[in-house]
Amino acid sequence: MSIRTRFAPSPTGYLHIGGVRTALFNWLLRQRLGGQFILRIDDTDVERNQAEALQPILDGFRWLGIQWDEGPEVGGPYAPYFQSQRLATYKEAALKLLATGHAYPDYMTKEELDADKKKADAAKKPYVHRGPHRDTPADECVKLYEANPTTLRFKVPVGRKVVVEDLVRANCEQSTDLMGDPVILRANGIALYNFASVVDDAALKITHVVRASEHLANTYSQKLFLEALGLPIPKYAHIPVVNYKGEKMSKRKLPPLTEDERQKLRMLGWTDEEITTSGINIATVAFYKEMGYLPEAIINYLGRLGWSLDDKTEFLRLKDMISHFDMETGIGRVTKAPGEFDTKKLFWLQDEYMKLLSVEEKVTNCIPFLKRAKLISETPDEATLTLLSRIVTASGDRLKLFSDILQYGAPIFKAEPEYNAKSVEKRLKKPGAADLLREFAVVLAATESFDAATLDKAMHEFCAAKNVKLGDMVHPVRVATTGVEVGFGLFDTLEILGKQRVLERIEKALSL
RNA sequence: GGCCCUAUCGUCUAGUGGUCUAGGACACAGCCCUUUCAAGGCUGCGACACGGGUUCGAAUCCCGUUAGGGUCACCA
């Protein structure tokens, strides 16, 4: 069996995380069953589209490893894949419906429409639009339209039920008496999404339309279009929307970035203005890329949101998902209710995937972040890379996002530590702390081999001799050498810093 | 508001009439380990929305109620 699925984003300037999930299910089905996954750009609303708004979407998919068989930049046998370049096709289809009596010109003005709606509202009746020329014979409609082109509406047949067979939610039906005649062609001759979409699905020979359930209500009229056009009806699968705080996750109503996240973005070279105007947030793929998430973690999380393999599998790589994602165990097991987007669970998966990486892999992924933060040069030398490798090793499981390297690497890559005022107050200004630190510096200066094990032993002995708790030394030394209270193992830190820098920093800290 | 869809722990889910005193995971809480932060180990908390049927038996089937979501554009 060979299938053709598609994802049809609008060029909005960013790739939405919910859209990725929809695309993923389309893509998985195609990978499992064979065929093509098509990327089609729905840009019929010329006023809202900008040319550069597509690139982030393409970049996002590439980063996530979701490749398309046909579409922008790769082309394909049904090109072009931009709806703005296929306008003539839609108009032709609309005119065909006009000629066959399935559509009619509608000269009602917006004001008249609004008035009718208001009247229906007042009467507490549903507004179902039926234009004056609904029953005008087809040939007259054509003449009217040719003489005076205007909006074209589809003539919804009355007294019928439209049944949509859905792969996720079985049969869904709607009475045509509740469906107003939808506009299929604007007065300017450009088709509306709802109409263009089915014309294209047919033209691109799409066999399975997998999309978010917000499109279910559109499907009834779309099925009517296809019937009137004499085109085949694809299989539909309406997957539940992704919710956030109980509502469809959209660019609005999302939490602001945390101060920690903003700080990371600043270190990566973002200005506050860019952070605000870019609209980067947890609904955008760009956010996860900037924070240094692993594509695998995002894919795994999204795949398990609204779908499960069995009663215990949480961990699924792309290849595992593909092997299980057929009609029955794949799309057939997708849940029907909306799913809440859980950033905590995504983060947990991220951690799990991070643990699987070797030090070398982590280093490779951390380098771009350090370069952008100017903590290392564009062409780091061998010594820098070795140092980075030691930092990554010492950081271990603490490195959950690649951007975390900024936090762990800064105290070491920067010439001077940035002393946190609170930490200095708490750990260095404590009575007796300075004296102990001064004495311990002497011990350090005398230490022959400056490695973690030796330093560990030295500090333990020092504490025993002075009759103080280990913590009474660890904290001041950490703050003195790194400026902050949080970091990976202290003795690893000292070893990586080296004797000279450690002593210099302690001296500097004592002068604060 | 009309229409459509949906309804198992806070969240993601398993469950398709008896194997369910409902399983797993995240989150959360406590304890242990520990130089901070992580990680790890152990323990705990916690759900079949409600009401009627059908049935020997219902989380599972039917009906109603309630709640949530989606949609009602010359947006996509």
Side-chain angles (χ1 to χ4, degrees), chain A residues 8-12 41-45 47-49 83 106 108 110 113 117 120-121 124-129 150-153 164 166 168-170 172-175 177-180 182-188 190-194 196-197 212-220 238 240-241 243 246-248 301 304-315 333 335-349 351 355 395-400 404 407-408 423 427 456 459-460 463 469-475 477-479 482 484-491 493:
Chain A
S10 284
T12 50
I41 308 306
D42 282 13
D43 54 356
T44 54
D45 189 358
E47 289 176 24
R48 292 189 0 178
N49 291 316
Q83 291 199 320
D106 195 357
M108 277 179 80
K110 189 166 187 311
L113 275 170
K117 276 183 201 161
D121 252 15
K124 294 217 154 115
K125 288 209 169 151
Y127 177 68
V128 180
H129 183 85
T150 183
T151 298
L152 238 38
R153 279 186 193 269
V164 172
D166 193 280
V168 173
R169 47 195 79 213
C172 300
E173 45 175 74
Q174 173 72 267
S175 160
D177 292 337
L178 270 353
M179 298 165 59
V183 172
I184 56 175
L185 202 69
R186 296 179 175 96
N188 63 8
I190 296 176
L192 267 85
Y193 156 79
N194 204 28
S197 185
S213 66
E214 63 197 85
H215 292 281
L216 182 59
N218 281 334
T219 313
Y220 304 105
H238 288 94
V241 297
N243 272 0
E247 277 177 35
K248 184 172 78 171
Y301 176 71
R304 268 287 283 109
L305 179 58
W307 176 75
S308 64
L309 179 60
D310 53 32
D311 60 342
K312 50 177 72 71
T313 309
E314 297 290 344
F315 219 68
R333 277 181 66 87
T335 56
K336 301 179 182 74
E340 179 76 12
F341 189 77
D342 184 352
T343 51
K344 292 240 178 76
K345 188 152 185 181
L346 204 204
F347 190 74
W348 169 73
L349 273 168
D351 194 15
K355 286 176 189 166
S395 300
D397 293 339
R398 294 171 185 82
L399 205 63
K400 300 192 184 304
D404 289 340
Q407 175 199 337
Y408 293 114
S423 302
R427 301 299 185 185
D456 193 335
M459 187 179 279
H460 273 86
C463 288
K469 283 184 291 189
L470 192 66
D472 290 335
M473 279 316 298
V474 167
H475 299 301
V477 173
R478 181 186 291 284
V479 173
T482 67
V484 291
E485 290 177 274
V486 179
F488 47 82
L490 176 66
F491 304 113
T493 306

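Sequence lines set the chain letters: A, B, ... in the order given, protein chains first and strands last, and positions in each chain run from 1.
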Peer 1: On a whole-Å scale, what distance lies between the C1' atoms belonging to B:G52 and B:C9?
Peer 2: 26 Å

Peer 1: At under 4.0 Å, does any side-chain N or O of A:K344 touch on OP1 or OP2 of B:A25?
Peer 2: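 Indeed not, no polar side-chain atom of A:K344 lies that close.
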
Peer 1: Output the rounded distance in Å from NZ (A:K248) to C1' (B:A76).
Peer 2: 10 Å

Peer 1: Check the angle between the aromatic planes of A:Y301 and A:F341 and answer parallel, tilted or perpendicular using the 30° and 60° thresholds.
Peer 2: perpendicular

Peer 1: Which base, if any, makes a Watson-Crick or G-U wobble pair with B:A7, both distances under 3.5 Å?
Peer 2: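 WC or wobble partner is B:U66.
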
Peer 1: Roughly how far apart, to the nearest Å, are B:U54 and B:G64 at atom C1'?
Peer 2: 15 Å

Peer 1: So, do A:H215 and B:A76 meet the stacking rule of ring centres under 5.5 Å and planes under 30°?
Peer 2: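 So yes, this residue stacks on that base, both cut-offs being met.
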
Peer 1: Work out how far the P atom of B:U65 is from that of B:C74, and round it to whole angstrom.
Peer 2: 32 Å

Peer 1: Which value, in whole Å, describes the distance between the P atoms of nucleotides B:G44 and B:G2?
Peer 2: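 It comes out at 48 Å once rounded to the nearest Å.
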
Peer 1: Pick the P atom in B:G70 and in B:C31, then give their distance to the nearest Å.
Peer 2: 41 Å

Peer 1: Answer with base, sugar-phosphate or nothing: what part of the nucleic acid does A:T151 contact at a heavy-atom distance below 4.0 Å?
Peer 2: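 Base, at least one base heavy atom under 4.0 Å.
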
Peer 1: Please determine, for the side chain of A:K400, which listed nucleotide (B:G24, B:A39, B:C37) has the closest atom?
Peer 2: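 Taking heavy atoms from C-beta onward, the closest nucleotide is B:A39.
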
Peer 1: Taking B:C62 as the reference, what is the distance to B:C3 when you measure between their C1' atoms (whole Å, please)?
Peer 2: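 My reading of the C1' atoms in B:C3 and B:C62 gives 23 Å.
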
Peer 1: For B:A73, which nucleotide is its Watson-Crick or G-U wobble mate, given both distances must be under 3.5 Å?
Peer 2: none

Peer 1: How far, in whole Å, is B:G24 from B:C63 if one measures between their C1' atoms?
Peer 2: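 Pairwise C1' distance, B:C63 against B:G24, rounds to 33 Å.
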
Peer 1: Given 3.5 Å as the limit, does a donor-acceptor pair link the side chain of A:N243 with the main chain of A:K248, or not?
Peer 2: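 Present.
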
Peer 1: P atom, B:C48 versus B:U43: distance in rounded Å?
Peer 2: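 After rounding to an integer number of Å, I get 25 Å for this pair.
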
Peer 1: In Watson-Crick or G-U wobble terms, both distances under 3.5 Å, what is the partner of B:C28?
Peer 2: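 By the stated definition (distances under 3.5 Å), B:G44 pairs with B:C28.
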
